[in-house]
Amino acid sequence: MNSAVARKRMVAELVKRGITDQRVVNVMLELPRHIFVEEAMSAQAYNDGSLPIGEKQTISQPYIVARMTELLALTGREKVLELGTGSGYQAAVLATLADRVCTVERIRPLALKARKALDSLRLLNVNLKIGDGTEGWPEEAPFDAILVTAGAPFLPECLIEQLAPGGRLVIPVGDRVDQKLLVVRKGMDGSVTREEADDCRFVRLIGKNGWSDEP
Ligand code: SAM
């Protein structure tokens, strides 16, 4: 099956499962997910599942990528922070739907691979940093949207501080295995509201404001 046909099937499944944001649907129809996974796994790239990307990390399931992106309600004008670049696929989705993306990955070999994949798609609006994303990216703040793509034990306060008025933050919060997506909205007056969304399972967010590095 060619990749465009496989993407069409994948996206049809996402829509069946409740994804309604047409901009998200369109970008996932167009973006080649197979270039973000090992060649040996490219046949599975358009199944609705997570896949290993090396270093004991994963590229997230397409449904959760779509759902988290939808929750950010991007219009195209935003500056977005992503924590947990991984393969770079989610950053590519965000870069297509927003004005600028800053993304942070703590594992160097993954960051370098992701950079290559993003460059091959000429996504020049992605700024990638290697480091501990649990501290956000204060030099680049404020952000109109923040997306955390690893499971956190709690919501780091510094991320709320780095969110612009009117901004949204989506983060999986829970234990080492199971989490719930937490959607945080900052009002124009600086007030903050929190709401829980889907159940999810992410690899751990490791760092100063996350889990410790111990197994
Ligand atoms: N968004 C990714 C994608 O599209 O492939 C999937 C992310 S993967 C589920 C989680 C990633 O978060 C891993 O690559 C992991 O190394 C990274 N990570 C964990 N803790 C981090 C931290 N404190 N700062 C930056 N990245 C972190």
Side-chain angles (χ1 to χ4, degrees), residues 10 24 27-28 31-38 41-42 44-69 71-72 80-98 101-118 121 123 126-138 140 143 145-159 162 169-174 176-179 181 198 200-215:
M10 175 187 85
V24 175
V27 68
M28 291 184 73
L31 258 190
R33 187 171 185 257
H34 63 272
I35 70 160
F36 293 90
V37 301
E38 298 292 339
M41 273 178 214
S42 59
Q44 297 165 62
Y46 298 105
N47 296 344
D48 191 19
S50 60
L51 288 170
I53 54 171
E55 311 286 338
K56 298 186 185 153
Q57 304 302 322
T58 54
I59 177 172
S60 305
Q61 176 193 14
Y63 173 77
I64 204 78
V65 171
R67 180 70 183 130
M68 290 173 99
T69 309
L71 287 168
L72 291 177
V80 183
L81 173 66
E82 182 201 21
L83 306 181
T85 317
S87 68
Y89 178 71
Q90 173 76 73
V93 170
L94 296 171
T96 313
L97 292 173
V101 175
C102 294
T103 181
V104 187
E105 172 55 55
R106 63 184 284 273
I107 301 177
R108 174 176 291 269
L110 294 182
L112 298 180
K113 256 195 242 169
R115 179 79 268 170
K116 260 196 189 165
L118 291 163
L121 294 176
L123 289 167
V126 181
N127 198 359
L128 196 162
K129 178 170 95 162
I130 299 167
D132 177 9
T134 69
E135 301 191 78
W137 195 332
E140 289 283 353
F143 299 97
I146 300 179
L147 185 57
V148 182
T149 64
F154 56 85
L155 168 63
E157 198 56 39
C158 64
L159 297 186
Q162 291 175 34
L169 156 62
V170 176
I171 178 171
V173 177
R176 285 165 174 258
V177 182
D178 298 303
Q179 305 93 32
L181 293 181
D198 309 42
C200 54
R201 280 187 160 193
F202 275 90
V203 293
R204 281 178 299 151
L205 182 74
I206 293 171
K208 189 174 166 210
N209 296 311
W211 294 100
S212 83
D213 201 3
E214 284 152 23

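Computed from a predicted model, the values in this text were never measured in an experiment. Start at 1 and go down the list; that is how both ligands and their atoms are numbered. For reference, positions follow the sequence shown, starting with 1.
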Handout entry: Considering all heavy atoms, the nearest R106-D213 contact
Key = NH2-OD2, 3.4 Å
Problem - Polar side-chain atom of D132 near backbone of K208 as donor-acceptor pair, under 3.5 Å - result: yes
Handout entry: L83 near ligand 1 by a heavy-atom separation under 4.0 Å
Key = no
Practice task
Please report which non-hydrogen protein atom sits nearest to atom 20 (N) of ligand 1, along with the residue it belongs to and the distance in Å to one decimal place.
Solution key: I206 N, 2.9 Å
Problem - Contact check: G133 vs ligand 1, nitrogen or oxygen atoms, below 3.5 angstrom - result: yes
Practice task
Work out whether the distance between some heavy atom of R204 and some atom of ligand 1 is less than 4.0 Å.
Solution key: yes
Exercise for the section: Would you please say whether a donor-acceptor pair under 3.5 Å links the side chains of Q57 and S87? Expected result: no
Exercise for the section: Out of K56, R106, E105, indicate the one that has the non-hydrogen atom closest to atom 16 (O) of ligand 1. Expected result: E105
Fill in the blank from the handout: among protein heavy atoms, the one nearest atom 6 (C) of ligand 1 is T58 O, 3.4 Å
Practice task
Check whether any N or O atom of L110, backbone or side chain, sits under 3.5 Å from an N or O atom of ligand 1, and answer yes or no.
Solution key: no
Problem - Nearest-0.5 Å distance that lies between atom CH2 in W137 and atom OG1 in T103 - result: 8.0 Å
Practice task
May I ask whether G131 places a heavy atom under 4.0 Å from ligand 1?
Solution key: yes
Exercise for the section: State whether K113 and E38 are salt-bridged, where the test is any N-O pair (Lys NZ or Arg NE/NH1/NH2 against Asp/Glu carboxylate O) under 4.0 Å. Expected result: yes
